[in-house]
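Throughout, protein chains are lettered first and strands after them, A, B, ... in sequence-line order, and every chain is numbered starting at 1. The shown structure was predicted, so the numbers you read here are calculated from the model rather than taken from an experiment.
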Amino acid sequence: MSEKEFRRSMAVLPMGTVMLLTSLTARQIRYYDDCGLVVSKRTDSNRRLYSLDNVDRILEVKDYIKEGMNIEQIKRVYEKQKHRRDNKLSNSRKGVSDTRVREYLHDDIMKAGGFNVNNNPQFKQGHL
DNA sequence: CTTCTAACA
DNA sequence: TGTTAGCA
C-alpha cells in the first residue's frame with residue numbers, strides 16, 4: 001500500500017470536519033454510519049473518526065440518496081461490490097482475466113445503481 | 001465546547 | 001430527518 005493510500009485510509013477526522021466536508025448534518029452522517037454504509041473508527045472516548053476515503057463514501061451515499069435510492073438499495077450496491085472484490089481476488093489467483101468481471105460490474109451497477117428511466121433526463125417521460 | 005445515545009414531534 | 005435531553 002502506497003503512503004498516499006495509507007493517509008487516505010487514516011481515520012482522523014472528527015464529526016465536525018466531516019459535516020463541513022459533506023454539508024450533511026451529524027444526524028445524517030451518524031445514520032449512514034449506523035446503517036453500515038461507512039466503516040468509521042472510534043476514539044477511546046467513543047467519538048467517531050473518519051478517513052478521507054470515508055468522506056468519499058459518505059459523499060457517494062449522499063448522491064445515491066439524492067437519486068432517490070433508499071438505504072437498503074445503497075447497501076446492496078456496496079454489498080455487491082464487496083462480492084465482486086472477493087471474486088476478483090479468487091479469479092486472479094486462478095489466473096482468470098478480470099475483463100469479464102468488469103463486464104458484470106458495469107451491468108450490475110446500471111441495475112443496482114439505479115439510472116432508472118424515471119429520473120434520468122436522457123429519457124424524457126411522457127412519450128414512451 | 002464537541003460529540004454520543006436514545007427517544008419523540 | 002429535526003431536535004432535544006442528559007452524559008462524557
S.K.: Indicate yes or no for a side-chain donor-acceptor contact from A/Thr17 to the backbone of A/Leu13 under 3.5 Å, with no hydrogens or angles considered.
M.R.: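 Here the side-chain-to-backbone pair does not exist.
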S.K.: Is there a continuous path of hydrophobic side-chain contacts, each under 4.5 Å between heavy atoms, that joins A/Leu49 to A/Ile29?
M.R.: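 No, separate clusters.
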S.K.: Shared ILVMFWY cluster between A/Leu20 and A/Met15, side chains joined below 4.5 angstrom?
M.R.: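 The answer is no; the residues belong to distinct hydrophobic clusters.
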S.K.: Is the phosphate of C/dT1, meaning OP1 or OP2, less than 4.0 Å from a side-chain N or O of A/Tyr32?
M.R.: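 For C/dT1, OP1 or OP2 has a side-chain N or O of A/Tyr32 closer than 4.0 Å.
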S.K.: Would A/Lys66 and A/Asp63 pass as an ion pair if we require N to O under 4.0 Å?
M.R.: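 Salt bridge present between A/Lys66 and A/Asp63.
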S.K.: Among B/dT5, C/dT1, B/dT3, which is the nearest nucleotide to the side chain of A/Arg42?
M.R.: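 Ranking B/dT5, C/dT1, B/dT3 by closest atom to the A/Arg42 side chain puts B/dT5 first.
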S.K.: Which base sits across from C/dA8 as a Watson-Crick or G-U pair, both distances under 3.5 Å?
M.R.: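 Looking at the geometry, C/dA8 pairs with B/dT2.
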S.K.: Taking atom P of B/dT3 as reference, at what distance in whole Å does atom CZ of A/Arg30 sit?
M.R.: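 Result: 8 Å.
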S.K.: For nucleotides 2-8 of chain C, give me one character per nucleotide, 5' to 3': B if any protein heavy atom sits under 4.0 Å from the base, S if the only such contacts are to the sugar-phosphate, - if neither.
M.R.: BB----B
S.K.: Check the distance between B/dT3's P and A/Lys41's NZ and give it to me in whole angstrom.
M.R.: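 Between P of B/dT3 and NZ of A/Lys41: 19 Å.
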S.K.: Is there a donor-acceptor pair under 3.5 Å between the side chain of A/Asp56 and the backbone N or O of A/Asp53?
M.R.: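 Looks like no, no N/O pair under 3.5 Å.
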S.K.: May I ask you to say what A/Tyr50 touches in the nucleic acid, namely base, sugar-phosphate or nothing, with a heavy-atom cut-off under 4.0 Å?
M.R.: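 Contact class for A/Tyr50: none.
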S.K.: In whole angstroms, how far is the P atom of B/dC4 from the CG atom of A/Asp34?
M.R.: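 Rounded to whole Å, this separation is 10 Å.
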S.K.: Has A/Arg57 got its NZ or CZ under 6.0 Å from the middle of the six-membered ring of A/Tyr78, at an angle within 45 degrees of the ring axis?
M.R.: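 Relative to the ring axis of A/Tyr78, which defines the angle, A/Arg57 lies inside both limits.
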S.K.: Does a side-chain N or O from A/Arg48 land closer than 4.0 Å to OP1 or OP2 of B/dT3, or not?
M.R.: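 No, A/Arg48 has no side-chain N/O under 4.0 Å of OP1/OP2 on B/dT3.
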